[in-house]
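Start at 1 with the first residue, then count along the sequence.
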Amino acid sequence: MFHNEGGGRFTDVSAAAGFAERMGKGLGVVATDINNDGRMDLFVTNDTVPNSLFVNRSGGRWEEIDLFAGVAFSAEGLARSSMGVDAADYDSDGWQDVAIGNIDHELASLYINNKNESFIDEAEPNGIAAATQLISCWGIKFLDYDNDGWPDLFLANGHPDDMLDGTGYGVHYRQPPLLFHNEGGSYRNVSAEAGPVFRKKLSARGLAVGDIDNDGGVDVLLSNNGMAPSLLRNESAPENHWIGVKLEGARCNRDAVGALVAWSAGGVLRRRLKTGGGGYLSSHDPRLVLGLGKAAKADWVEVKWPAPSNRIERFSDLPIDRYVAIVEGKGTPVD
């Protein structure tokens, strides 16, 4: 952990923060707020050793709570080969949930937030566990691909052993990606109907998302081991409306990581936390695409800027179906 001192100078605070004592095989990390205290926590996925969840207790002090939180091991009490990780409020209850990609036969995880600094794995009732029985997931990402306001889930897959084929275990080195549609707080596997790329066998590793053509449809880039990369252009749901926002902090960090964005469209309230990191060996488009569904306008967009500001501002009359810059201090203050 390096603390930014300003002026291009950093100080190693790993020992003081409590990270130096934790030995792991970290492959993925996401910064998110798991307890709604306004401070960003860190979820780290580890390969073959327990995963780590560090909660930010302020003052440069972090507490590791992964055992209590129920995310260190599988339900059977075993450490898994965890790789990609991402966080979002997939059930729209105001609390951040976590998705993790694991190696085959260990099943991907979908941790729902219990609102008390603990989680429960809901991958099985959402069909994600069964779909990943023979799948090794590296990159995993929440994204609203059809702009209906609900975070969908994309998995980039491929086994690490390129000598695996022909061993008779039913697992292959190259594997197709998977796509799950959010049906109002639960998931449905739509891979079979999402396009020919979801029938293609890939040795996918990194997964990055971003709107490459600025049409509001979030696109996907896969880095494949020993193969050309795959660029997936999103052509779904062009009838749905959206607002793209580029957050710019003034008092808070410049990229506004940790900002909580809420918006209302057609009387429906949505929220999105701007997380940091996520995925595996990838960096994502920093802009947020706010899905409006069939609504022809947004009633309003509110931003709760992260510390040290913590101010809440409302932005009204934003144009739809285009990108706009939202700058801290330029909106209407909200008490």
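- Within 6.0 Å of CG in Asp317 there are 12 or fewer heavy atoms belonging to other residues, nucleotides or ligands.
- For the pair Arg311 and Trp305, the cation-pi criterion (under 6.0 Å, within 45° of the ring axis) is not fulfilled.
- To the nearest 0.5 Å, atom CG of residue Asn157 and atom CG of residue Leu222 are 9.0 Å apart.
- Between Phe154 and Phe198, a ring centre-to-centre spacing shorter than 6.0 Å is recorded.
- Taking CE from Met83 and CD1 from Ile140, the interatomic distance works out to 10.0 Å, rounded to the nearest 0.5 Å.
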Item to check | Trace of the side chain to side chain donor-acceptor pair (under 3.5 Å) decision for Asn224 with Ser230 | outcome: CA-CA 7 Å; Asn224 300 310; Ser230 302; 3.0 Å; yes
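- When the shell of 6.0 Å around NZ of Lys330 is examined, it contains 12 or fewer heavy atoms from other residues, nucleotides or ligands.
- By the criterion of side-chain heavy atoms lying less than 4.5 angstrom apart, applied directly or through intervening Ile, Leu, Val, Met, Phe, Trp or Tyr residues, Val209 is grouped together with Val289 in one hydrophobic cluster.
- A continuous path of ILVMFWY side-chain contacts below 4.5 Å connects Leu232 to Val218, so both sit in one hydrophobic cluster.
- In this structure, the side chains of His181 and Leu179 stay at 4.5 Å or more apart for every pair of heavy atoms.
- Proximity of Met227 to Leu202: side-chain heavy atoms (C-beta onward) are separated by under 4.5 Å at one or more points.
- The two residues Lys274 and Met40 come nearest to each other via the heavy atoms O-CE, 3.9 Å.
- Residues Phe19 and Trp62 place their aromatic rings such that the two centres sit under 6.0 Å apart.
- For Glu5, the CD atom sits in a packed shell: over 12 heavy atoms of surrounding residues, nucleotides or ligands are nearer than 6.0 Å.
- At most 12 heavy atoms of other shown residues, nucleotides or ligands fall within 6.0 angstrom of atom CD in Glu124.
- At a threshold of 4.5 Å between non-hydrogen side-chain atoms, the residues Tyr111 and Ile100 count as touching.
- Just one of Ile112, Leu53, Asp66 meets the side chain to side chain contact (heavy atoms under 4.5 Å, CB included) condition when paired with Phe119; it is Leu53.
- Side-chain atoms of His172 do not come within 3.5 Å of backbone N or O of Arg174 as any donor-acceptor pair.
- Leu107 has its side chain out of reach of Asn102: every pair of non-hydrogen atoms, C-beta onward, lies at least 4.5 Å apart.
- Between Asp146 and Asp144, some side-chain heavy-atom pair lies under the 4.5 Å cut-off.
- Two residues are said to be in side-chain contact when any heavy atoms from C-beta on lie closer than 4.5 Å; Pro160 and Ile103 meet this criterion.
- In this structure, Arg287 satisfies the cation-pi test against Tyr323, with its NZ or CZ atom closer than 6.0 Å to the six-membered ring centre and inside 45 degrees of the ring normal.
- With hydrogens and angles ignored, the 3.5 Å screen pairs a side-chain donor or acceptor of Ser282 with a backbone N or O of Tyr280.
- In terms of heavy-atom proximity, Val85 sits nearest to Gly28 at CG1-C, 3.7 Å.
- Each salt bridge (charged side-chain N to carboxylate O under 4.0 Å, His left out) pair with one or both residues in residues 92-111, not counting sequence neighbours, appears once here: Asp93-Lys115.
- Annotation for Arg233: atom CZ does not count as buried by contact number, only 12 or fewer foreign heavy atoms lying within 6.0 Å.
- Remark: of the listed residues Val245, Leu273, Ile326, Val245 is the sole one forming a side chain to side chain contact (heavy atoms under 4.5 Å, CB included) with Leu288.
- Cation-pi geometry between Arg270 and Trp263 is not met at under 6.0 angstrom from the ring centre and within 45 degrees of the axis.
- For an aromatic pair to be called close, the ring centres must be under 6.0 Å apart, and Tyr90 with Tyr187 satisfies this.
- A heavy-atom distance below 4.5 Å is not found between the side chains of Trp242 and Asn240.
- Classification of Glu193 and Arg188 as a salt-bridged pair holds, one side-chain N sitting under 4.0 Å from a carboxylate O.
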